[in-house]
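Comments concern the structure below.
Numbers here simply count residues along the sequence, with the first being 1. Predicted model only: the values in this text are computed from it and were never measured. Note that ligands are numbered from 1 as they come in the structure, with each ligand's atoms numbered from 1 the same way.
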Amino acid sequence: MFDNLSDKLDKAFHILKGHGKITEVNVAETLKEVRRALLDADVNFKIAKDFTTKVKEKAIGQDVLTTLQPGQLLVKLVKDELTELMGGDVAGINLSGTPSVVLMSGLQGSGKTTFSGKLANYLQTKKNKKVLLVACDIYRPAAIQQLYVVGDSIAVEVYSEPENKNPVEIAQNAIKHAKANGFNVVIVDTAGRLAVDKEMMDEIAKVHKAIQPQETLFVVDAMTGQDAVNTAKAFNDILNFDGVILTKLDGDTRGGAAISIKSVVNKPIKFVGTGEKMDAIDVFYPNRMAERILGMGDVVSLVERAQEQYDEDEARKIQKKIAKNEFGFDDFLSQIQQVKKMGNMKDLVGMIPGASKAMKDIEIEDDAFKHIEAIIHSMTPIERSKPALIDVKRKARIAKGSGTKVEQVNQLMKQFEQMSKMMKMMQGPGGKNLMKMMGGMKGMPGGMQR
Ligand SMILES: Nc1nc2c(ncn2[C@@H]2O[C@H](COP(=O)(O)OP(=O)(O)OP(=O)(O)O)[C@@H](O)[C@H]2O)c(=O)[nH]1
């Protein structure tokens with residue numbers, strides 16, 4: 001996420017590290033580079049200029065040059081300003097109605113339908129809401145079909161009237177249906193439209209006026225940079241929407257949209273989409289995003305994700321097995337499944353402070369556990385529960401069966417052994433042994449040793 005921008009900002013701050021003494025000249029030089037990095041990320045020129053002016057003023061106000069760690073203070077000022085620029089505080093979603101109505105708007109292909117599904121899934125699983133999805137695209141029958149596929153995959157009901165060509169009526173009927181059937185939230189997915197298409201913009205304005213949604217959300221593809229900001233402005237003029245959804249943040253986006261949109265339309269980014277799957281949705285936290293942009297990671301989100309996936313019963317079961325020396329490959333596999341549920345590997349690595357930078361030249365596969373899973377699946381049940389049985393002959397068979405090499409099987413056996421050892425130590429008094437072991441571990445990423 002925003003690797004290029006992070007890289008350039010890091011280089012900008014290096015200007016300060018290179019000099020023995022910090023002067024007004026090299027602070028100015030650093031901020032010039034910061035501005036250039038923002039412009040390269042497709043941040044609007046005026047916003048980038050105002051940004052560095054503000055940081056400079058604050059730096060002067062806080063006597064950056066005379067502090068003990070001027071470089072660090074400057075990074076902090078940049079972080080605070082980035083947070084402010086992206087909205088300051090986290091903005092919630094208004095669910096006050098009975099039912100609460102959420103209207104989706106945006107360009108074609110921006111990710112409205114996918115996000116409608118993600119939001120429905122989020123509200124259903126995390127907020128315990130009964131959600132109705134409404135197909136209001138009267139132009140493309142395939143769009144209605146797509147919403148049914150999405151609804152099916154998350155077990156959420158979809159409302160549609162394929163013969164009706166009046167989106168206002170469809171939306172109103174859907175809300176009636178929701179009221180009559182005890183739905184808490186109605187999410188109205190509309191057709192994608194261009195801001196220059198007056199007829200279509202009038203249409204969504206009419207739907208908006210008729211259903212008076214509690215939340216009108218503007219969905220925009222983060223990859224479109226400056227264009228995203230211009231489109232947001234045009235939609236905001238018509239709909240006066242409540243919040244922005246930035247999708248495709250998992251792609252190779254430069255970050256400009258995330259940084260500029262709030263200050264242009266003065267509406268907060270509420271959620272971001274980070275993948276095609278239904279659980280690839282994150283609440284947008286400006287401060288966490290600023291930290292990620294500056295390569296500081298996002299440990300809070302990482303821990304939250306781990307907590308969400310933490311299964312207490314499963315953990316207790318595993319603990320018992322470790323105590324009895326019965327931890328096997330089936331348990332290892334179930335641990336992998338839990339990690340996988342936390343999100344894709346690239347995204348997770350980006351949340352570890354310093355890891356993104358340290359691993360930037362390493363290609364992380366989306367399905368990084370594919371080979372490990374194949375190897376374990378090629379083992380017999382008895383081999384999985386008693387790994388000690390796996391001798392040279394069995395290893396060769398497992399490698400052949402999983403389409404891997406014997407070295408890979410050996411490597412996995414070693415990792416498994418280390419993990420079992422580590423788990424046993426964690427069970428020791430206060431996990432002290434584990435800390436000792438970690439301290440002695442060589443080749444850990446920089447972040448672990450600091
Ligand atoms: N990588 C990635 N792809 C996404 C994300 N959100 C949506 N997509 C993909 O983007 C494409 C368009 O998404 P849709 O949800 O169909 O977009 P839409 O705005 O409903 O499109 P229209 O109905 O044509 O207006 C699909 O292929 C989605 O899988 C995301 O957060 N990350």
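Counting heavy atoms under 4.0 Å from ligand 1, residue Thr114 touches it through both backbone and side chain. Of all the heavy atoms of Leu249, none lies under 4.0 Å from any atom of ligand 1, so neither backbone nor side chain is involved. With a 4.0 Å cut-off on non-hydrogen atoms, Asp189 does not touch ligand 1 at all.
A 6.0 Å sphere centred on NZ of Lys165 holds more than 12 heavy atoms belonging to other residues, nucleotides or ligands. Within 6.0 Å of NZ on Lys130 lie more than 12 heavy atoms contributed by other residues, nucleotides or ligands. Atom CG of Asp237 is surrounded by more than 12 heavy atoms from other residues, nucleotides or ligands within 6.0 Å.
Protein heavy atom nearest atom 25 (O) of ligand 1, with residue, atom name and distance: Lys112 NZ, 2.8 Å. Scanning all protein heavy atoms for the shortest distance to atom 17 (O) of ligand 1 gives Gly111 N, 3.1 Å. The protein heavy-atom contact nearest to atom 32 (N) of ligand 1 is Asp250 OD1, 2.9 Å. Atom 16 (O) of ligand 1 has as its closest protein heavy atom Gln146 NE2, 2.9 Å. Scanning the protein for heavy atoms near atom 23 (O) of ligand 1, the closest one is Arg140 NH2, 3.0 Å. For atom 21 (O) of ligand 1, the nearest protein heavy atom (residue, atom name, distance) is Gly109 N, 3.0 Å.
The residue from Glu276, Lys277, Met104 that puts a heavy atom closest to atom 3 (N) of ligand 1 is Glu276. Of the candidates Lys248, Met223, Lys118, it is Lys248 that places a heavy atom closest to atom 9 (C) of ligand 1.
The backbone N or O of Met104 lies less than 3.5 Å from a partner atom in the side chain of Thr190, making a donor-acceptor pair.
Residue-ligand proximity, Gly192 to ligand 1, at heavy-atom distances under 4.0 Å covers atoms 25 (O). Using a 4.0 Å cut-off to heavy atoms of Gln108, the atoms of ligand 1 that qualify are 24 (O), 25 (O). For ligand 1, the atoms closer than 4.0 angstrom to any heavy atom of Thr274 are 31 (O). Every atom of ligand 1 is numbered from 1 in the order shown, and the set under 4.0 Å from a heavy atom of Gly273 is 31 (O).
With a 4.5 Å cut-off on side-chain heavy atoms, Ile259 and Met86 count as touching. Contact check for Gln226 versus Ser260: side-chain heavy atoms found under the 4.5 Å cut-off. Using a 4.5 Å heavy-atom threshold, the side chains of Thr404 and Val409 count as touching. Using a 4.5 Å heavy-atom threshold, the side chains of Ile138 and Glu203 count as touching.
In this structure, Tyr159 and His177 have tilted ring planes: the angle between them lies in the 30° to 60° band.
For the pair Gly275 and ligand 1, the shortest N or O to N or O distance falls below 3.5 Å. For ligand 1, the polar-atom distance check finds no N/O of Ala143 at less than 3.5 Å from any of the ligand's N/O atoms. Some N or O of Ser110 is nearer than 3.5 Å to an N or O of ligand 1, by distance alone.
Taking the centre and axis of the six-membered ring of Phe218, the NZ or CZ atom of Lys267 falls outside the cone set by 45° and 6.0 Å.
For Phe284 and Phe271, the gap between ring centers reaches or exceeds 6.0 Å.
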